[in-house]
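Just so we're on the same page: letters track the sequence lines, and every chain starts at 1.
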Protein chains: 2
Amino acid sequence: MKKKHPWLVDIGKNIRAIRESKGLSQEELAELVEIDRTYIGGIERGERNVASLNLIRIAIALNTEVGNLFPRLDMLPLISRY
Amino acid sequence: MKKKHPWLVDIGKNIRAIRESKGLSQEELAELVEIDRTYIGGIERGERNVASLNLIRIAIALNTEVGNLFPRLDMLPLISRY
DNA sequence: TTGTGACTTTAAGTCCGTC
DNA sequence: GGACGGACTTAAAGTCACA
């Protein structure tokens with residue numbers, strides 16, 4: 001099991017929640033976004049530090065604003081800086 | 001001059017606009033975020049495909065939601081998929 | 001104060017598989 | 001349907017000298 005940054009875990013939870021709300025499997029999302037299915041899994045588990053372009057593509061596939069994939073500023077533990 | 005993806009250019013513009021609205025130089029932002037000045041420059045010029053953690057750190061430094069750094073879904077030319 | 005090219009190191013992202 | 005691992009290729013992270 002890989003190391004997980006709390007912020008990435010948040011992002012992963014958000015993506016998973018939205019994906020499931022759309023009734024999509026990881027594999028189906030992977031196909032929409034044209035990203036490897038194991039990578040989608042890794043993102044949702046908070047193990048991957050996804051780059052902007054892929055985040056945007058995921059947001060498009062999920063038909064949601066990119067901002068919805070991120071935790072709100074108030075929710076971030078500012079003490080744990082990176 | 002490096003190749004620039006339109007979406008990254010949008011992100012760069014947003015970051016630059018917010019940074020300047022705060023009266024910060026690239027160097028000052030770089031120090032806040034603890035990222036190299038030239039890397040910040042590259043992001044603002046749309047030459048870097050920044051990953052989530054750095055985006056969040058930049059958003060924190062600029063005291064703005066991460067979503068504000070991204071273009072809105074409606075603004076994305078959906079035809080040019082990646 | 002910022003842009004840019006060249007560069008090394010690290011991690012993103014793919015593809016195979018098993019449980 | 002999803003978690004997870006290994007091995008791999010590509011791209012991002014990160015730094016520097018100089019314009």
Side-chain angles (χ1 to χ4, degrees), chain A residues 1-62 66 69-71 76 80-82, chain B residues 1-62 66 69-71 76 80-82:
Chain A
M1 188 168 88
K2 287 176 191 170
K3 204 178 98 177
K4 308 181 185 198
H5 186 107
W7 298 350
L8 299 182
V9 172
D10 285 342
I11 293 172
K13 282 183 189 166
N14 290 340
I15 291 177
R16 172 164 297 177
I18 298 172
R19 172 180 64 76
E20 290 181 336
S21 78
K22 309 276 180 183
L24 293 170
S25 68
Q26 287 183 354
E27 193 156 10
E28 288 167 327
L29 175 58
E31 189 165 346
L32 284 173
V33 185
E34 291 173 300
I35 285 180
D36 195 81
R37 68 178 167 78
T38 66
Y39 193 58
I40 296 284
I43 293 169
E44 292 191 352
R45 271 172 268 129
E47 295 166 359
R48 299 293 189 151
N49 185 17
V50 201
S52 307
L53 292 181
N54 278 336
L55 281 167
I56 294 176
R57 297 166 77 203
I58 291 171
I60 290 174
L62 293 176
V66 185
L69 307 184
F70 285 89
L76 295 176
S80 71
R81 289 273 308 214
Y82 198 62
Chain B
M1 190 164 87
K2 287 176 191 171
K3 203 179 100 178
K4 308 181 185 196
H5 187 108
W7 297 350
L8 299 182
V9 173
D10 285 343
I11 293 172
K13 282 183 187 166
N14 290 340
I15 292 177
R16 174 163 296 178
I18 298 173
R19 172 180 63 76
E20 291 181 338
S21 78
K22 309 274 179 184
L24 293 170
S25 67
Q26 285 184 356
E27 192 155 11
E28 287 168 327
L29 175 58
E31 189 164 346
L32 284 172
V33 184
E34 290 173 302
I35 285 181
D36 194 84
R37 171 189 74 73
T38 65
Y39 192 62
I40 297 283
I43 293 169
E44 292 191 353
R45 269 172 271 125
E47 295 167 359
R48 302 286 192 150
N49 186 13
V50 204
S52 309
L53 291 181
N54 278 336
L55 280 167
I56 293 176
R57 296 165 76 203
I58 290 170
I60 290 174
L62 293 176
V66 185
L69 307 184
F70 285 89
L76 297 176
S80 72
R81 291 271 309 212
Y82 198 63

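- Figure legend. D/dG1 is base-paired to no nucleotide; pairs are counted as Watson-Crick or G-U wobble with both atom distances under 3.5 Å.
- Remark: A/Asn49 is in phosphate contact with C/dA12, judged by side-chain N or O atoms under 4.0 Å from OP1 or OP2.
- Judged by closest nucleotide on DNA chain C, B/Glu20 is the one of B/Glu20 and B/Ala51 placed further toward the 5' end.
- When the P atom of C/dA12 is taken as reference, atom CD1 of A/Ile43 falls 10 Å away, rounded to whole Å.
- Rounded to an integer number of Å, the gap from A/Arg48 CZ to C/dT14 C1' is 9 Å.
- The local environment of CD in A/Glu20 is crowded, with over 12 non-hydrogen atoms from other residues, nucleotides or ligands closer than 6.0 Å.
- At a threshold of 4.5 Å between non-hydrogen side-chain atoms, the residues A/Leu69 and A/Ile18 count as touching.
- Within 4.0 Å (heavy atoms only), B/Ile35 reaches no atom of the nucleic acid at all.
- Atom CZ in A/Arg57 sits about 13 Å away from atom C1' in C/dA12, given to the nearest Å.
- Rounded to whole Å, the distance from CG on B/Leu29 to P on C/dT1 is 13 Å.
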Find every protein N or O atom lying less than 3.5 Å from an N or O atom of nucleotides 3-6 of chain D, and list the pairs.
{"from": "D/dA3", "atom 1": "OP1", "to": "A/Arg16", "atom 2": "NH1", "distance (Å)": "3.0"}
{"from": "D/dA3", "atom 1": "OP1", "to": "A/Arg16", "atom 2": "NH2", "distance (Å)": "2.4"}
{"from": "D/dA3", "atom 1": "OP2", "to": "A/Arg16", "atom 2": "NH2", "distance (Å)": "3.4"}
{"from": "D/dA3", "atom 1": "OP2", "to": "A/Gln26", "atom 2": "OE1", "distance (Å)": "3.4"}
{"from": "D/dA3", "atom 1": "OP2", "to": "A/Gln26", "atom 2": "NE2", "distance (Å)": "2.7"}
{"from": "D/dG5", "atom 1": "OP1", "to": "A/Met1", "atom 2": "N", "distance (Å)": "2.6"}
{"from": "D/dG5", "atom 1": "OP2", "to": "A/Met1", "atom 2": "N", "distance (Å)": "3.2"}

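- A/Arg19 has a carboxylate O that lies under 4.0 Å from a charged side-chain N of A/Glu44, or vice versa, which qualifies the two as a salt bridge.
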Next on the checklist: Checking A/Asn54 against A/Ile43 for the side chain to side chain contact (heavy atoms under 4.5 Å, CB included) test, could you report, in this order, the C-alpha distance in whole Å, the side-chain angles of both residues, the deciding distance, and whether it holds?
Outcome noted: CA-CA 11 Å; A/Asn54 278 336; A/Ile43 293 169; over 6 Å; no

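- In the displayed structure, B/Glu27 atom CD is contacted under 6.0 Å by at most 12 heavy atoms of other residues, nucleotides or ligands.
- Here D/dT9 presents its P atom at 18 Å from OH of A/Tyr39, a figure rounded to the nearest Å.
- We find the OG-CG distance between A/Ser52 and B/Leu8 to be 6.0 Å, quoted to the nearest 0.5 Å.
- Computed from coordinates, the B/Ile15 CD1 to C/dT2 C1' distance equals 16 Å when rounded to whole Å.
- A donor-acceptor pair is defined here as one N or O able to donate and one able to accept, closer than 3.5 Å; no such pair exists between the side chain of A/Asn49 and the backbone of B/Ala51.
- The distance between atom CD of B/Glu34 and atom C1' of D/dG14, rounded to the nearest whole Å, is 14 Å.
- The interatomic distance linking B/Ile58 (CD1) with D/dG14 (C1') rounds to 13 Å, in whole Å.
- Contact between the side-chain N/O atoms of B/Asn54 and the OP1/OP2 oxygens of D/dG14 is found at a separation under 4.0 Å.
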